[in-house]
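The model shown is predicted, which means the values in this text are computed figures rather than measured ones. Chain naming here is simple, since letters A, B, ... match the order of the sequence lines and numbering starts at 1 in each.
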Amino acid sequence: MHQNFGDFVNEVRVRFAPSPTGYLHVGGLRTALYNFLFARKNNGKFILRIEDTDRNRYVEGAVENLIASLKWCGLEYDEGPDRECGFGPYMQSQRLDLYKKYAQELIEKGHAYYCFCTPERLQVLKEEQAVQKLPQAKYDKHCFALSKTEIDEKLASGIAHVVRLNVIPNQKIVFNDIIRNRVEFDSSNVDDQVLIKGDGYPTYHMANVVDDHLMKISHVIRGEEWLSSTPKHVLLYDFFGWEKPIFAHLPLLLNPDRSKLSKRQGDVAVEDYRAKGFLKEALVNFVALLGWNAGDDKEFYYMNELIESFSLERVNNSGAVFDLEKLNWINAEHLRKKSDSDLLILLKEEILNSSPRSTQGEAGQFSILNFTDEYLFQVISAMKERVSFVKEYLTKSPYFFVAPTEYEEASKLKSWKPETPEQLKALRNKFAELTNPSKEDFETALKQTVADLNIGVGKIIHPLRLAVSGQSAGPGMYDLLFILGKDEVIRRIDAAIDKLK
RNA sequence: GGCGCGUUCGUCUAGUGGUCUAGGACGCCGCCCUCUCAAGGCGGAGAUCACGGGUUCGACCCCCGUACGCGCUACCA
């Protein structure tokens, strides 16, 4: 551990605390991942806590969705809503009485107070401050001046109220951050933050501090957007007399234009990337490297290697653009490193997903055909180096699954000469003589034909590829012939000669 | 506006005072391999280290300022 932050003798306990807004954001994934890696690396606990304190933002099924995305990425949590371990409940909406109790304690100590101001008065106040061009707009502590009897009367009458933090101005608030080092604020710039809202729910700041303390969180690893409100949290810890966790504020993930990563400029949900066919290993690997590196040149990581190498001290302090190009590359790398049997499983899934029932029109074209594992293994070894996504086995080499019906026009113009049909015919007849031909047999037959015809190999191999696959690019010709098999090859040559007259 | 954080090739980054005429990766370009396309190998273009001042024998690295970017500035998280 970094000497500046002391050794923590207690167990490492970290949490990912998203608000359930519908899906897992890739920025959230990165935050969750760093928490997870840090916990695993230090034999600590990784906790999932749901910060559902805004009733207006409640989204049906959001929690389930979040958990599903987290689990898909391999981020198993030790404690969470469906994994109670004595520190729950892990849904803040189920801990309301706790927040109330602690707010009460703060009020009694004079560190918080009831506020009965209406939204209207607050609005007017804000406008007045704007007109006066005050350096910072803050609540004017109007209700702090209320007498005890006034407060009791208002409370008894059931009038709407909130609880606010009582911030004393002109105080230095200093805290250490593993990533930012020393950060200093002046309490004059800190507003009397609402702790308990009118509806009885806590605000983030209140719930966060109370829960982190109660759940014995040792390190708060979260996005940089929280740095500015950390002084409020520090104040709260001090007012309660609680030990503060160690803070680590992560740099933000950015759009290509360097603004905060947003939906407008592309996909931000983990499920979007999953749907697009990205491997979880690739997403995790890529996102881990956005703001962190081990200090060497290693870029390809599996989860266990990330756990092994990860440290908060090596997290960067500046935002990182989410670069799709690099994600594509790392996805291809992970895909190529997979074993053929793993790829077989993925390929079969992909073929299944393109069944006609998926109503995606032509995607269903492969469904009726049945392919043996042996055949698919051959396709895999032929295409492995040529695909970046599993689906590309189907889109880049559909000819392994269905005979071509159309032929690439450019290639046709380039290689399909008037004498081609006759030459292919000769080749076809040569192939017909073969029994159970191996890849080498196809090659020998082709070379013989070429010699007999007294032409170059290229003269016939390109039209052959076109005839057999409909395309000009693909695996080695002899591999292609062997995989398709003699009968299919002959059928396709005949069909091409017929169609390309 | 106020407060805070940041700023090394287009992008992700290495770099903790001399080894930096700044290294790697993605992307881009070229060559090799070759029946095509990939993969792979080799090479190239690409960063006056945001700018300006200091400190120092010496600064990407330390200090100050400026600019720019981002975040926060809610009874949202």
Side-chain angles (χ1 to χ4, degrees), chain A residues 17-21 51-57 92 115 117 119 122 126 129-130 133-138 160-164 177 179-180 183-186 188-191 193-205 207-208 222-231 249 251-252 254 256-260 286 289-300 316-330 332-333 336 382-388 396-397 411 415 443 446 456-462 464-466 469 471-478 480:
Chain A
S19 62
T21 51
E51 311 233 325
D52 55 344
T53 56
D54 186 354
R55 291 191 297 178
N56 302 320
R57 285 226 263 173
Q92 291 186 328
C115 172
C117 290
L122 261 20
K126 206 172 199 174
Q129 290 176 331
K133 286 199 162 69
L134 246 46
Q136 71 272 35
K138 290 196 303 179
H161 63 274
V162 302
V163 176
R164 307 189 90 110
D177 184 290
I179 294 157
R180 316 278 151 191
V183 185
E184 183 178 312
F185 286 84
D186 188 323
S188 304
N189 293 314
V190 180
D191 201 358
Q193 182 62 231
V194 169
L195 264 19
I196 302 291
K197 299 184 263 189
D199 62 5
Y201 277 63
T203 55
Y204 169 86
H205 311 285
N208 192 262
R222 74 221 313 187
E224 197 193 338
E225 69 267 31
W226 294 109
L227 192 60
S228 299
S229 37
T230 303
H249 287 94
L252 263 18
L254 275 22
D257 70 357
R258 306 204 74 84
S259 56
K260 187 175 165 183
F286 174 67
L289 258 15
L290 251 29
W292 170 86
N293 73 84
D296 53 27
D297 289 339
K298 187 173 168 69
E299 295 208 273
F300 185 89
N316 288 157
N317 47 204
S318 52
V321 173
F322 192 92
D323 180 22
L324 218 50
E325 293 279 10
K326 194 145 186 174
L327 211 209
N328 286 335
W329 169 76
I330 202 91
E333 288 288 294
R336 281 194 285 266
M383 292 304 292
K384 199 170 182 173
E385 307 275 79
R386 284 163 245 266
V387 297
S388 298
K396 280 197 168 177
S397 53
S411 171
S415 64
E443 180 166 2
L446 187 139
V457 172
K459 261 306 206 186
I460 202 156
I461 216 161
H462 295 297
L464 208 216
R465 177 183 295 283
L466 184 67
S469 74
Q471 297 178 192
S472 61
M477 195 65 243
Y478 309 115
L480 189 48

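Between A:Pro256 and A:Gly458, the residue whose closest nucleotide on RNA chain B is further toward the 5' end is A:Pro256. Heavy-atom nearest nucleotides on RNA chain B were determined for A:Leu289 and for A:Phe185, and the one closer to the 5' end corresponds to A:Phe185.
Taking atom NZ of A:Lys384 as the reference point, atom C1' of B:A39 lies 12 Å away to the nearest angstrom. Straight-line distance from the CE atom of A:Met477 to the P atom of B:U36: 13 Å, rounded to whole Å. In this structure, A:Leu327 atom CG and B:U13 atom P are separated by 14 Å, rounded to whole Å. For the pair A:Arg336 CZ and B:A38 P, the interatomic distance rounds to 12 Å; values are reported in whole Å. Computed from coordinates, the A:Leu252 CG to B:G4 P distance equals 18 Å when rounded to whole Å. Remark: C1' of B:A22 and CG of A:Asp297 are 14 Å apart, rounded to the nearest angstrom. One can place CG of A:Leu324 at 14 Å from P of B:C12, the figure rounded to the nearest angstrom. Computed from coordinates, the A:Lys260 NZ to B:C5 P distance equals 18 Å when rounded to whole Å.
Note on ring orientation: taking the six-membered ring where Trp is involved, the planes of A:Tyr204 and A:Trp226 are parallel (angle under 30°, cut-offs 30° and 60°).
Using a 4.5 Å heavy-atom threshold, the side chains of A:Glu224 and A:Leu252 count as touching. Using a 4.5 Å cut-off on side-chain heavy atoms (C-beta onward), A:Arg222 and A:His249 make contact. Side-chain contact between A:Ser411 and A:Gln471 is absent, with no heavy-atom pair separated by less than 4.5 Å.
In this entry B:C42 has B:G30 as its Watson-Crick or G-U wobble partner, both defining distances falling under 3.5 Å. Summarising the base pairing, B:C3 is matched to B:G71 through a Watson-Crick or G-U wobble pair whose two defining distances lie under 3.5 Å. As the counterpart of B:U16, no nucleotide is assigned, since no Watson-Crick or G-U wobble pattern has both distances under 3.5 Å. Of all nucleotides present, none satisfies the Watson-Crick or G-U wobble test against B:C9 with each distance under 3.5 Å.
The phosphate of B:G27 (OP1 or OP2) has no side-chain N or O of A:Asn328 nearer than 4.0 angstrom. For B:A14, the OP1/OP2 oxygens have a side-chain nitrogen or oxygen of A:Asn293 closer than 4.0 Å. In this model, the phosphate group of B:U11 is approached by a side-chain N or O of A:Arg258 to a distance below 4.0 Å at OP1 or OP2.
Residue contacts for A:Gly223: at a heavy-atom cut-off of 4.0 Å it reaches no nucleic acid atom on any strand shown. Nucleic acid contact for A:Gln471: none, since no nucleic acid atom lies under 4.0 Å from a heavy atom of the residue. Residue contacts for A:Asn316: at a heavy-atom cut-off of 4.0 Å it reaches the sugar-phosphate backbone alone, with no base atom in range. Using a 4.0 Å heavy-atom criterion, one finds that A:Arg465 contacts the bases of the nucleic acid, with or without backbone contacts as well.
Side-chain N/O atoms of A:Asn316 and A:Ser318 include no donor and acceptor closer than 3.5 Å.
Donor-acceptor pairing under 3.5 Å, judged by distance alone, is absent between the side chain of A:Arg180 and the base of B:C5. For a distance-only test at 3.5 Å, the side chain of A:Lys326 qualifies as a donor-acceptor partner of the base of B:A25.
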With the criterion being N/O to N/O and under 3.5 Å, what pairs connect the protein with nucleotides 44-52 of chain B, and how long is each?
none

Enumerate all atom pairs, one protein N or O and one N or O from nucleotides 73-77 of chain B, separated by less than 3.5 Å.
{"from": "B:C75", "atom 1": "O2", "to": "A:Gly198", "atom 2": "N", "distance (Å)": "2.6"}
{"from": "B:C75", "atom 1": "N4", "to": "A:Cys117", "atom 2": "O", "distance (Å)": "3.2"}
{"from": "B:C76", "atom 1": "OP2", "to": "A:Lys197", "atom 2": "NZ", "distance (Å)": "2.9"}
{"from": "B:C76", "atom 1": "O2'", "to": "A:Asp54", "atom 2": "OD2", "distance (Å)": "2.8"}
{"from": "B:C76", "atom 1": "O2'", "to": "A:Arg57", "atom 2": "NE", "distance (Å)": "3.3"}
{"from": "B:C76", "atom 1": "O2'", "to": "A:Arg57", "atom 2": "NH2", "distance (Å)": "3.2"}
{"from": "B:C76", "atom 1": "O2", "to": "A:Arg57", "atom 2": "NH2", "distance (Å)": "2.7"}
{"from": "B:A77", "atom 1": "OP1", "to": "A:Thr53", "atom 2": "OG1", "distance (Å)": "2.8"}
{"from": "B:A77", "atom 1": "OP1", "to": "A:Lys197", "atom 2": "NZ", "distance (Å)": "2.6"}
{"from": "B:A77", "atom 1": "OP2", "to": "A:Tyr204", "atom 2": "N", "distance (Å)": "3.2"}
{"from": "B:A77", "atom 1": "O4'", "to": "A:Arg57", "atom 2": "NH2", "distance (Å)": "3.4"}
{"from": "B:A77", "atom 1": "O3'", "to": "A:Glu51", "atom 2": "OE1", "distance (Å)": "3.4"}
{"from": "B:A77", "atom 1": "O2'", "to": "A:Ser19", "atom 2": "OG", "distance (Å)": "2.8"}

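Between A:Arg336 and A:Glu385, the shortest heavy-atom distance links the atoms CD-OE1, 3.5 Å. Across A:His462 and A:Ser415, no two heavy atoms sit closer than the pair CB-CB, 3.8 Å.
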